[in-house]
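Comments concern the structure below.
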Amino acid sequence: MPFRFVHTADIHLDSPLRSLSLRNPDLAALIGDATRQALASIVDLCLDEQVDALIIAGDLYDGDQTSMKTARFLASQMERLHQAGIAVYKIRGNHDALSKITDQLMLPPSVKVFNGRGETVDVRHGNLDVAVHGISFKQAHAPESLLSKYRRPAPDTVNIGIMHTSLAGAPGHDLYAPIPVADLHDWGFDYWALGHIHTRSQHAGDRTVIMPGMPQGRDINEAGEKTVTLVTIGDDKSITVEERPTSIAQFERISVDLSSATDWRAAIEQIEQAVAAVRDTTRADHLVGRLMLSGQTPLSWALRRDRDLLMTEIEQRIEGMNKTWIEKIELATSAPSATAPVTGTADPVAELGALMKTDIMHQDAVREDIRNLVTELRDDLPAEARSFSGKDEQEFEALIDRLLADGSEDILARLRLAGMGAD
């Protein structure tokens, strides 16, 4: 009789909204509830597949929460699994260590929360002996490897290890319980159920080592389809791994090159087609897209001036698409390079544009003002939402360069259209 389980991590239940661009209250409500819906869909999957266990490799919670509403919801989901005879094996990650709910919540006896010293649960399942090993974070920081605290693999047994770790490090993630992947393979466990890094990965080697990623993205920086891992261990100890989608809402960057668009209608239609193409390949109930518009087009100025109108028209066009949202438009378009007419009369807007790009917008005082504004915004955000400003000084200055360039394009767009008498 095979032993089957679902492996997930980093649910970050009831995580607060991290995107400043979710101005639409309906969209904000959708994303605000998405982590709960993702957990419910994971429980649905466990019930539908009639698995033997659910493994949660840390960060079920999202930090210092006190909401008993969250506690009641979680308890109800765990009770659904308990009534179906499905065990839950859970470790605490760095966010769980901060949660006040952790010590207050009463869970069914089928839920095993491993302690911070290292524990092993032995299970007899048909002809298989299964040992589940786990260690929870005692505190929010774990600067040292936890591997030595795990018991060595039991012989003639399927050994499953649960660990919350940054491995050797990953972009956007601080080091937590760091460890080389090779050490995990060498330890001898048959399956390592990892958590902490929000992007899915499977690490090749003698053993099966999987970081499942998070089951629900929370903003555009956690874009793409999110899944959990369904694992089947056969009587011969063979391991079969399947990905199953869990996202209620999937974030995607949608790139559209408008170089061929010569009028407003053509641009809208091209954008609509691009959104539809992404919607067709998205399995999540909801698609939350960020439009990335680029290319040289005579519409560049109009797009920048009338960004609000552009958003309104796009939203009207996609109303017929299934649960599709646009959370933001980013413009990287530019006007086509034009040869000045030989009339002896210079184009004053073009001259101003050249002056702005080479002088005005790059004066030290202007640059310092922009730098201070970005720094103030960054410092007001929670730590996990500050990555937009770059990981070092070089990336931060590159962001300032982009903001200055975009600002000059916006100013020129308004001047050009005003000069043309555009409404």
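- Under the 3.5 Å distance criterion, the side-chain polar atoms of Arg4 are matched with a main-chain donor or acceptor of Glu49.
- Without hydrogens or angle criteria, Thr333 side chain to Gly295 main chain gives no donor-acceptor distance under 3.5 Å.
- Ile11 is listed as a side-chain neighbour of Ile42, based on a closest heavy-atom distance under 4.5 Å.
- Formation of a donor-acceptor pair under 3.5 Å by the Thr165 side chain with backbone atoms of Ala177 is found in this model.
- Asp190 contributes atom CG, which lies 11.5 Å from atom CG of Asp206 (distance to the nearest 0.5 angstrom).
- Panel note: side chain Thr297, backbone Ala261; a donor-acceptor pair is recorded below 3.5 Å.
- Annotation: side chain of His133 is not in contact with side chain of Met163 (no heavy-atom distance under 4.5 Å).
- Counting all heavy atoms, side chain and backbone alike, His185 lies closest to Ala204 at NE2-O, 3.1 Å.
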Under the side chain to side chain contact (heavy atoms under 4.5 Å, CB included) rule, what do Gln316 and Thr312 come out as? Steps first, then yes or no, please. CA-CA 6 Å; Gln316 290 175 345; Thr312 299; 4.0 Å; yes

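- Side-chain contact between Lys328 and Val288 is absent, with no heavy atoms from C-beta onward closer than 4.5 Å.
- Taking each heavy atom of Ile91 and Gly134 in turn, the nearest pair found is CG2-CA, 4.0 Å.
- Listed here is the closest heavy atom pair of Ile31 and Ala249: CD1-CB, 3.8 Å.
- Screening His198, Gln216, Gln250 for a side-chain contact (heavy atoms from CB on, under 4.5 Å) involving Glu222 leaves a single residue, His198.
- Remark: Lys112 qualifies as a cation-pi partner of Phe114 under the 6.0 Å distance and 45° angle criteria applied to the six-membered ring.
- Panel note: side chain Tyr150, backbone Ile162; a donor-acceptor pair is recorded below 3.5 Å.
- Note: Ile271 CD1 to Leu293 CG = 4.5 Å, rounded to the nearest 0.5 Å.
- Ring pair Trp187/Phe189 is perpendicular by interplanar angle, where above 60° counts as perpendicular and below 30° as parallel.
- The minimum heavy-atom distance between Leu230 and Val51, with the atom names listed, is CD1-CG1, 3.7 Å.
- Between Ile314 and Ile329, some side-chain heavy-atom pair lies under the 4.5 Å cut-off.
- Taking OG1 of Thr324 as the reference point, atom CG of Asp285 lies at 11.0 Å (rounded to 0.5 Å).
- Of the possible polar contacts, none joining the Arg207 side chain to the Trp192 backbone as a donor-acceptor pair under 3.5 Å is found.
- With rounding to the nearest 0.5 angstrom, the NE2 atom of His286 is 8.5 Å from the CZ atom of Arg279.
- Of all heavy-atom pairs between Ile220 and Phe251, the closest is N-CD2, 3.7 Å.
- Atom-to-atom distance recorded for Leu258:CG and Ser294:OG is 7.0 Å, nearest 0.5 angstrom.
- Ile239 contributes atom CD1, which lies 7.5 Å from atom CD1 of Ile160 (distance to the nearest 0.5 angstrom).
- For the pair His196/Leu167, no side-chain contact is recorded, criterion being any heavy-atom separation below 4.5 Å from C-beta on.
- Summarising the geometry of Ala284 relative to Ser247, their closest heavy-atom pair is CB-O, 3.4 Å, with the distance given to 0.1 Å.
- Remark: the backbone N or O of Leu194 is paired with a side-chain donor or acceptor of His7 at under 3.5 angstrom.
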Which is it for Leu39 and Phe73 under the side chain to side chain contact (heavy atoms under 4.5 Å, CB included) test, yes or no, and what are the steps along the way? CA-CA 10 Å; Leu39 177 58; Phe73 170 77; 3.8 Å; yes

Passes side chain to side chain contact (heavy atoms under 4.5 Å, CB included), Ile86 versus Val6? Steps please. CA-CA 10 Å; Ile86 298 173; Val6 169; over 6 Å; no

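- At distances below 3.5 Å, not a single donor-acceptor pair connects side-chain atoms of Gln37 with backbone N or O atoms of Leu30.
- Looking only at distances, a side-chain donor or acceptor of Thr246 sits under 3.5 Å from a matching main-chain atom of Pro215.
- Between the side chain of Asn159 and the main chain of Ala131, no donor-acceptor pair closer than 3.5 Å is present.
- Counting heavy atoms from C-beta on, the side chains of Phe5 and Thr229 never come closer than 4.5 Å.
- Aromatic pair Tyr191/Phe3: ring centres not closer than 6.0 Å.
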Could you check Val113 against Arg92 for side chain to side chain contact (heavy atoms under 4.5 Å, CB included), going step by step and ending with a plain yes or no? CA-CA 8 Å; Val113 181; Arg92 296 187 178 110; 3.9 Å; yes

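- At least one side-chain heavy atom of Arg36 sits under 4.5 Å from a side-chain heavy atom of Thr70.
- At least one side-chain heavy atom of Ser300 sits under 4.5 Å from a side-chain heavy atom of Arg304.
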